[in-house]
Number of protein chains: 2
Amino acid sequence: MKKTTIHDIARELNITFSTVAKALNDHPRIAAATKEAVREMAIKLNYQQNKLASSLRSGRTGIVGVLVPTLDVSFFSSVVHGIETVMNENGYNILLYQSKEIYEDEIRGVDTFLQTRVEGIISSVALSTKNYDHFIDLKKRKIPLLMFDRTVDEIGVPYVRIDDYGGGFMATEHLIKQGCKRIVHISTDQQVEIFKERLRGYKEALLKYGLPIDESLIFYGNLSIELGKNCIKKLVDEKVDFDGVFAFEDYTGLGALKELKDLKINVPEQVKVIAFANEAFGAHITPSMSTVDQQTVKMGEEAARLFLKLIKENKYYENAPEQIILDPILIQRESSQ
Amino acid sequence: MKKTTIHDIARELNITFSTVAKALNDHPRIAAATKEAVREMAIKLNYQQNKLASSLRSGRTGIVGVLVPTLDVSFFSSVVHGIETVMNENGYNILLYQSKEIYEDEIRGVDTFLQTRVEGIISSVALSTKNYDHFIDLKKRKIPLLMFDRTVDEIGVPYVRIDDYGGGFMATEHLIKQGCKRIVHISTDQQVEIFKERLRGYKEALLKYGLPIDESLIFYGNLSIELGKNCIKKLVDEKVDFDGVFAFEDYTGLGALKELKDLKINVPEQVKVIAFANEAFGAHITPSMSTVDQQTVKMGEEAARLFLKLIKENKYYENAPEQIILDPILIQRESSQ
DNA sequence: CTGAAAGCGCTAACAG
DNA sequence: CTGTTAGCGCTTTCAG
């Protein structure tokens, strides 16, 4: 039950294995009749090319490593979906590795990819990673690295992410245009770039429209439905006046919405709400929740396309790292109109 | 800028490359001092083992192919998350392929895996697949194949899925206990085992509680929000009497819920709804949707564990295919109480 | 148009 | 304990 090789095909046809190899690779200087015979015999013998051997010899594996924190968060699985789709269309396969947000696992992932001789790596950094040598090392080895979403300037490689500042601005501006004067922002840990940017967008929008930045309207907590609820509760308890809520992500926005409902505060009549991420539930709740879409699948597709473009040019690290900033998309639903 | 090999290490240390190879593989008959020196030099020279070469020679790649319809559905990405986690803990890596529910792509995926010499494949069948020769062929080639969720008896390989019959029964019984007498079941193509099983559970529950099986209350269509809407529309148009809906999966259930809302039919007062899958949105829509949880991450972990156990025994296809049936979990929410 | 030959980087006997 | 040797199955010159 040994696997059939080009030698087996050659023997059956009384030609040399090197002719078989060329025939299978559609080499121009092989007779059409020979090619035909070889192909037929290959099918008859259930031949499947051994990519290990071919990769070892040619130096091309056609494999790209994808290193993400987890697939159990729809943001990441959507992006990976986009990456795989485009890579597959271009003849590449994906080796998958989850860092589980753990620095050491991220390093293990990079090592695995190096040993598998992937032709490049597409990654989003683990939250616990503070040292980026394993990524910078890839650059030294001339292994193409492309980052998405959680990018790190220090690494200095091409990346794709959305304009979080613009998204924050857009969400806030939308509320202002809907007539809100006192807009709450619920945010989180300011270590992560993207959340800092959303907050910056919020402040800039207020400034632009001549509204004061009131720090008592800005909250920080851990991403959760509870966070949204608690903030609303606190605002109401303390009789703080507000007419708009911009939550830094959808689950927090959902919590705010739920609490407002519980407190019989009408949305959007009394308070308008918008969040960020466009998770699946937002369109189906009542009232449906306005949000900012991050174009996750497109982010993956664009990441793959940029990667492919850059490796095709064959000078991946020779120019300044190219970057793609996707536009956030304002999704206006019932909660804000 | 050539990659360093065991020959480079050997040269630096004035020993032969085969000693280096053994040292790196921690072979027992190599002097501790030699091992130490080799390891140091390996680090100094940034050596990374070439797995292509080692796999080619040893016949072991340590790669398992995971072939799923898409990662853009949380059910599948959760399962893949579970698979990767367990496989990774056991030294295996995952090559990922999405069939996009397309038969031809599924075949391409299998071929790719064959060429990459994966040590096995874990897969869930595409909905459009009607011919299973590409899977049966794996058995003939003695390539371990394990299926999950969308299993097919005809293929005859080990699998992991939930007790879809029990889930269907449980969902229907729940509606009956809530007082429903005329329960609609929206299902799909009966080629896929799991959907057939859910339907069987539905019928058995009706029987058990002495309710008639009315074929005019059973619908078949393509998984979508539209399917749910259309069924409700049709029922109402034709003035069919019904007081419960059991949708074979959540998106269809969502469609039903939306249409009922549009038609001003109160849920759960007039019609109670339950679906299947426990997608993220179900808990947050209004009314929140009852459903049956499939233990997705656990399904992936169990699939990986069963796979590992079976390949370790080294007689993957010699016994009757083993299977793991996970318990479905009833999630009662507003739509059914 | 086909064949011969070298070798990608490693594993795994076998010999010493 | 270390070295020699023979490949794994393919790609890729170079001859013919």
Side-chain angles (χ1 to χ4, degrees), chain A residues 1-39 41-42 45-63 91 111-112 114-119 141, chain B residues 1-39 41-42 45-63 91 111-112 114-119 141:
Chain A
M1 209 31 208
K2 288 239 19 194
K3 265 149 194 150
T4 101
T5 71
I6 48 177
H7 293 91
D8 300 321
I9 299 177
R11 196 179 325 109
E12 291 293 315
L13 259 33
N14 270 313
I15 52 179
T16 53
F17 75 96
S18 97
T19 302
V20 172
K22 285 174 200 151
L24 290 171
N25 290 324
D26 207 17
H27 188 104
R29 289 197 303 210
I30 294 291
T34 309
K35 287 185 185 172
E36 188 54 30
V38 167
R39 284 190 197 125
M41 187 55 70
L45 299 180
N46 288 314
Y47 173 75
Q48 288 282 8
Q49 186 196 44
N50 185 329
K51 281 199 181 176
L52 295 171
S54 109
S55 298
L56 176 62
R57 185 57 239 254
S58 69
R60 288 201 63 251
T61 55
I63 297 179
D111 279 346
T112 301
L114 247 20
Q115 292 170 358
T116 314
R117 299 298 191 258
V118 297
E119 294 184 26
R141 292 175 186 262
Chain B
M1 207 30 209
K2 286 238 32 209
K3 265 149 195 149
T4 102
T5 71
I6 47 177
H7 292 91
D8 299 321
I9 299 178
R11 197 180 324 110
E12 292 292 317
L13 260 32
N14 270 314
I15 52 179
T16 53
F17 77 96
S18 96
T19 303
V20 173
K22 284 174 203 148
L24 290 171
N25 290 325
D26 208 15
H27 189 104
R29 293 199 298 214
I30 294 290
T34 309
K35 285 184 185 173
E36 190 52 31
V38 166
R39 282 185 199 130
M41 188 55 68
L45 299 181
N46 288 313
Y47 173 76
Q48 289 281 8
Q49 187 196 43
N50 185 331
K51 281 199 180 176
L52 295 170
S54 111
S55 298
L56 176 61
R57 185 57 238 254
S58 69
R60 289 201 61 251
T61 55
I63 298 179
D111 279 346
T112 301
L114 247 21
Q115 292 169 358
T116 314
R117 300 298 191 257
V118 298
E119 293 184 26
R141 291 174 187 263

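Being a predicted model, the structure only gives us computed values, none of them experimental. Protein chains get the first letters and strands the later ones, always in sequence-line order, with residue 1 at the start of each.
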Which two nucleotides bound the region of DNA chain C that has atoms under 4.0 Å from heavy atoms of chain A, read 5' to 3'?
C:dC1 to C:dG9
Taking all atoms of both residues into account, what is the closest heavy-atom pair of B:T61 and B:V118, and its distance?
OG1-CA, 3.9 Å
Supply the atom-to-atom distance B:T19 OG1 to B:L24 CG, rounded to the nearest 0.5 angstrom.
11.0 Å
For the helix from C:dC1-D:dG16 to C:dG16-D:dC1, how many degrees between its two end axes (five pairs per end), to the nearest 10°?
40°
Calculate, to the nearest 0.5 Å, the distance between atoms CD and CZ belonging to B:E119 and B:R60 respectively.
4.5 Å
Working to the nearest 0.5 Å, report the span between CE of B:M41 and CD1 of B:I9.
8.0 Å
Could you report the tightest heavy-atom contact between A:A53 and B:L56, atom names first, then the distance?
CB-CD1, 3.8 Å
In this structure, CD of A:Q49 is separated from OG1 of A:T4 (nearest 0.5 Å) by 11.5 Å
Scan residues 14-25 of chain A for pairs that pass salt bridge (charged side-chain N to carboxylate O under 4.0 Å, His left out), counting only residues two or more places apart or in two chains.
none
When you check every protein heavy atom under 4.0 Å of nucleotides 8-13 of chain D, what one-letter string (B, S, -) results, 5' to 3'?
BBBBBB
Sorted by chain and residue number, the ring pair (Phe, Tyr, Trp, His ring centres under 6.0 Å) partners of B:H27 (sequence neighbours excluded) come out as none
Rounded to the nearest 0.5 angstrom, the CZ-CG distance for B:R57 and A:L52 is 13.5 Å
List for me each residue that meets side-chain contact (heavy atoms from CB on, under 4.5 Å) alongside B:N14, sequence neighbours excluded, and say none if there are none.
none
